[in-house]
Structures are given as C-alpha cells and as structure tokens.
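Working notes, structure below.
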Amino acid sequence: MLRLAADEAGMSTAEYAIGTIAAAAFGAILYTVVTGDNIVNVLTGIIGKALNTAVG
C-alpha cells in the first residue's frame, strides 16, 4: 500500500492535456500582446531612435 502511494514516476495523460492547454493559452496571449499595435509602435520607435542616434 505504501509503495502505491509513493510511486508517482511521471505525469498522467490528464496532466499532459492540462499542461498542453495551458501552454497553448499562454502562447495565444503572448502572440496577441506582441502583435498588438501598441507594442509594434513602441518597438519601431525604439529601433528608429537607436538607428538615428549619433555615436560621437
């Protein structure tokens, strides 16, 4: 009985499914944030400012 309670060598199918759904949801949220207009405009402004900055 003790051996059965302590033997948790890996994740079960349900845990894999929940982990996969969570990863997909996180990816979708991250994609939405990164491709949003505000982020694109900010990154474009930062890159433009860096390219137009004089070095000396």
Side-chain angles (χ1 to χ4, degrees):
M1 184 74 167
L2 181 60
R3 185 176 184 191
L4 291 176
D7 189 23
E8 294 185 21
M11 292 194 314
S12 68
T13 304
E15 290 170 329
Y16 278 118
I18 292 170
T20 301
I21 291 170
F26 180 73
I29 292 169
L30 185 61
Y31 177 77
T32 303
V33 169
V34 170
T35 58
D37 289 336
N38 291 336
I39 299 297
V40 172
N41 290 337
V42 168
L43 291 176
T44 303
I46 291 171
I47 292 171
K49 189 174 183 180
L51 292 174
N52 292 328
T53 303
V55 178

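Starting from 1, each residue takes its place in the sequence as its number.
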Under 4.5 Å side-chain linkage, directly or through intermediates, the cluster mates of V34: F26, L30
Qualifying residue, where the test is side chain to side chain contact (heavy atoms under 4.5 Å, CB included) with T44 and the options are V40, V42, I46: V40
Pairwise distance CD1(I39) to OG1(T32) - rounded to 0.5 angstrom: 11.5 Å
Atom CG of N41 with >12 non-hydrogen neighbours under 6.0 angstrom: yes
Point-to-point distance, once rounded to the nearest 0.5 Å, from CG of N52 to CD1 of I47: 12.0 Å
